[in-house]
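First up is the structure itself, then whatever we jot down about it.
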Amino acid sequence: MLDKLEAIRERYDNVNHELMQPDVMSDMKRFKSLNKEYKELGKIVTEYRAYQQVLSNIEGARQVISTEKDEDFREMAKAELDELQPEAERLEGVIKDLLIPKDPNDSKDVIMEIRAGAGGDEASLFAGDLQRMYLRFAEKQGWKMELVDAMEGTAGGYKEIVLAVKGEDVYGKLKFESGVHRVQRVPATETQGRIHTSVASIVVMPEAEEFDIELDMNDIRKDLFMSSGPGGQSVNTTYSAVRLTHIPTGIVAQCQDQKSQLKNFDKALQVLRSRIFEIELAKKNEAEGAIRKGMIGSGDRSDKIRTYNYPQGRVTDHRIGYTVYNLPSVMDGNIDDFVEQLRLAESAERLKVGAE
């Protein structure tokens with residue numbers, strides 16, 4: 001492992017040197033790619049340096065124990081060794097986890113789409129509850145969530161909402177949320193106290209950058225329409241809303257959140273590029289065969305992945321059989337347990353695949 005870590009440290013230093021070269025700084029595509037690699041390698045190098053320091057201190061303590069005649073010094077060295085050895089094991093575990101092959105898209109920002117499914121108004125209200133849950137989770141992570149487009153429900157919530165989430169390791173933490181979320185509760189409009197089941201579907205796509213997928217603007221039809229969402233005086237007075245259609249695939253993306261037509265165009269293009277990128281990813285995953293399909297992060301959007309049962313205060317993730325009984329806390333954005341358990345499950349799958 002140490003040889004591999006030393007090779008990573010050497011690559012880290014080389015990338016750092018490359019980033020300072022004028023020809024790289026003038027090539028934005030190459031600069032972004034190298035900068036991303038530099039940040040990812042940096043996480044491993046930081047832990048490696050801490051590990052090296054602990055190993056050095058362990059060697060020093062052992063040296064004192066074997067050569068020092070003063071019993072007080074020997075006891076101090078033994079006490080230090082008792083503290084250092086568990087720390088060395090902890091760092092070794094952290095480094096091994098960092099060395100597990102990661103999804104190359106984990107560090108990307110995401111486009112998240114939440115759509116109400118079966119359940120009428122209650123499904124729209126649930127979609128709104130999920131949006132607030134992810135907003136609070138994003139705030140706790142220090143991420144930024146931006147509205148791209150929304151269609152509000154007749155009784156509140158959303159029939160559909162599209163969001164851009166930006167920050168560190170966003171896709172790595174949110175990719176497991178893709179799928180069908182089910183809620184079981186008594187709707188506010190229910191007079192008999194009967195429990196209803198409603199669903200909302202979520203799609204989490206890695207935000208595609210220009211160098212991830214190239215679009216020919218000649219293949220894109222641009223339509224303008226009047227904004228019908230929030231936007232102050234410009235709503236229904238100017239053609240600022242933008243709808244983009246990718247003619248070869250028929251994929252459509254639109255944005256009406258901004259007053260500026262140019263900003264709406266940029267956001268819509270961002271969504272369009274990510275939707276096309278997701279299709280390419282799906283084709284790639286399909287080509288990789290059954291092993292990839294069996295992994296936690298495969299994200300089939302038709303799968304029922306989680307149930308939120310209000311009468312029992314229960315939330316269950318069906319993919320890993322993980323249940324908690326703190327539904328109010330989960331709906332307040334505390335989904336860290338689910339994220340961590342799903343990441344551990346994916347890491348176990350990746351280790352298994354690597355061993356085969």
Side-chain angles (χ1 to χ4, degrees), residues 90 93-94 97 106 110 112-145 153 155-158 161 163 165 167-190 192-204 295-349:
R90 185 191 72 80
V94 169
D97 184 58
D106 278 358
V110 308
M112 173 180 271
E113 302 176 348
I114 305 174
R115 292 185 178 87
D121 288 341
E122 174 64 8
S124 295
L125 291 169
F126 179 49
D129 292 339
L130 291 175
Q131 186 270 333
R132 284 189 293 275
M133 180 182 79
Y134 291 120
L135 174 60
R136 288 175 182 140
F137 179 66
E139 289 170 347
K140 290 167 185 175
Q141 299 294 314
W143 298 340
K144 182 179 180 183
M145 180 178 279
Y158 298 99
I161 183 167
L163 305 154
V165 190
E168 184 177 350
D169 197 26
V170 180
Y171 185 67
K173 291 184 177 179
L174 287 181
K175 63 184 177 182
F176 307 111
E177 299 304 303
S178 285
V180 175
H181 294 240
R182 181 176 69 170
V183 64
Q184 295 172 325
R185 63 186 178 189
V186 179
T189 55
E190 171 58 55
Q192 303 297 319
R194 292 173 296 189
I195 296 171
H196 286 226
T197 297
S198 305
V199 299
S201 63
I202 294 178
V203 178
V204 177
M295 293 178 69
I296 295 296
S298 59
D300 188 333
R301 63 181 66 180
S302 64
D303 288 344
K304 181 187 71 180
I305 64 167
R306 196 174 295 154
T307 294
Y308 305 75
N309 184 295
Y310 276 71
Q312 297 177 18
R314 170 175 57 84
V315 184
T316 298
D317 194 288
H318 304 290
R319 294 163 294 182
I320 52 176
Y322 184 68
T323 297
V324 298
Y325 288 88
N326 59 349
L327 186 145
S329 178
V330 169
M331 299 311 294
D332 197 39
N334 296 309
I335 60 172
D336 309 69
D337 283 352
F338 288 100
V339 171
E340 183 60 24
Q341 291 296 325
L342 288 160
R343 292 185 82 165
L344 287 172
E346 187 195 40
S347 293
E349 289 283 357

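The structure presented is a predicted model; accordingly, all values stated were derived computationally and were not measured. Numbers here are sequence positions counted from 1.
- Arg182 and Thr307 share a donor-acceptor pair across their side chains, judged by distance under 3.5 Å alone.
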Scan the side chains in residues 130-138 for donor-acceptor partners under 3.5 Å anywhere in the protein, sequence neighbours excluded, and list what turns up.
{"from": "Arg132", "atom 1": "NH2", "to": "Asp129", "atom 2": "OD1", "distance (Å)": "2.3"}
{"from": "Tyr134", "atom 1": "OH", "to": "Glu177", "atom 2": "OE1", "distance (Å)": "2.6"}

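- Side-chain atoms of Arg319 and Leu342, non-hydrogen and from C-beta on, do get closer than 4.5 Å to each other.
- Counting heavy-atom neighbours within 6.0 Å of Lys140 NZ, excluding the residue itself, gives a total above 12.
- Across Asn334 and Ser329, no two heavy atoms sit closer than the pair ND2-OG, 2.9 Å.
- Evaluation of the side-chain hydrogen bond (donor to acceptor under 3.5 Å, both in side chains) rule for Glu340 yields no partner, not counting sequence neighbours.
- The nearest pair of heavy atoms linking Ile320 to Ala345 is CG2-CB, 3.9 Å.
- Here Glu122 contributes atom CD and Thr197 contributes atom OG1; the two are 9.5 Å apart, rounded to the nearest 0.5 Å.
- Here Met145 contributes atom CE and Glu139 contributes atom CD; the two are 8.5 Å apart, rounded to the nearest 0.5 Å.
- For Tyr310, there are no ring-ring contact (aromatic ring centres under 6.0 Å, His included) partners two or more places apart in sequence or in a different chain.
- Annotation: the span from Phe176 atom CZ to Ile202 atom CD1 amounts to 14.5 Å, rounded to 0.5 Å.
- In terms of modelled atom types and a separation under 3.5 Å, the side chain of Trp143 and the main chain of Val170 share no donor-acceptor contact.
- Under the 4.5 Å side-chain criterion, counting only non-hydrogen atoms from C-beta, Lys173 is in contact with Gln141.
- With Asp106 contributing its side chain and Tyr171 its backbone, the two residues share no donor-acceptor pair below 3.5 Å.
- Residues meeting the salt bridge (Lys or Arg N to Asp or Glu O under 4.0 Å) test with Asp169, sequence neighbours left out: Arg343.
- Considering all non-hydrogen atoms of both residues, Ala123 and Ala118 come closest at CB-O, 3.6 Å.
- The two residues Ile195 and Pro311 come nearest to each other via the heavy atoms CD1-CG, 3.5 Å.
- Taken from OG in Ser198 to CD in Gln184, the straight-line distance is 9.5 Å, to the nearest 0.5 Å.
- Residue-environment remark: CD (Gln312) exceeds the threshold of 12 foreign heavy atoms within 6.0 Å.
- With sequence neighbours excluded, no residue forms a side-chain hydrogen bond (donor to acceptor under 3.5 Å, both in side chains) with Tyr325.
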Discussion item. Set out, in order, the CA-CA distance, both residues' side-chain angles and the distance that settles side chain to side chain contact (heavy atoms under 4.5 Å, CB included) for Leu327 and Arg314, then state yes or no.
Written reply: CA-CA 6 Å; Leu327 186 145; Arg314 170 175 57 84; over 6 Å; no

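- Inter-residue side-chain proximity for Arg306 and Val315 is flagged as met; some heavy-atom pair is nearer than 4.5 Å.
- In this structure, the separation between CD on Glu113 and OG on Ser201 is 8.5 Å, given to the nearest 0.5 Å.
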Item to complete: Carefully, step by step, assess Met331 and Val183 under the rule side chain to side chain contact (heavy atoms under 4.5 Å, CB included).
Response: CA-CA 12 Å; Met331 299 311 294; Val183 64; over 6 Å; no

Item to complete: Determine, stepwise, if the pair Leu163 / Ile161 fulfils side chain to side chain contact (heavy atoms under 4.5 Å, CB included).
Response: CA-CA 7 Å; Leu163 305 154; Ile161 183 167; 3.9 Å; yes

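- Note that CG of Asp337 and CG of Asp317 are 11.5 Å apart. Values are rounded to the nearest 0.5 Å.
- Residues forming a ring-ring contact (aromatic ring centres under 6.0 Å, His included) with Tyr308 (at least two apart in sequence, or on another chain): Phe126, His181.
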Worksheet entry | Step-by-step side chain to side chain contact (heavy atoms under 4.5 Å, CB included) determination, Val324 to Val330 | CA-CA 9 Å; Val324 298; Val330 169; 4.0 Å; yes

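- Contact record, Ala116 with Ala127: N-CB, 4.3 Å, taken as the closest heavy-atom pair.
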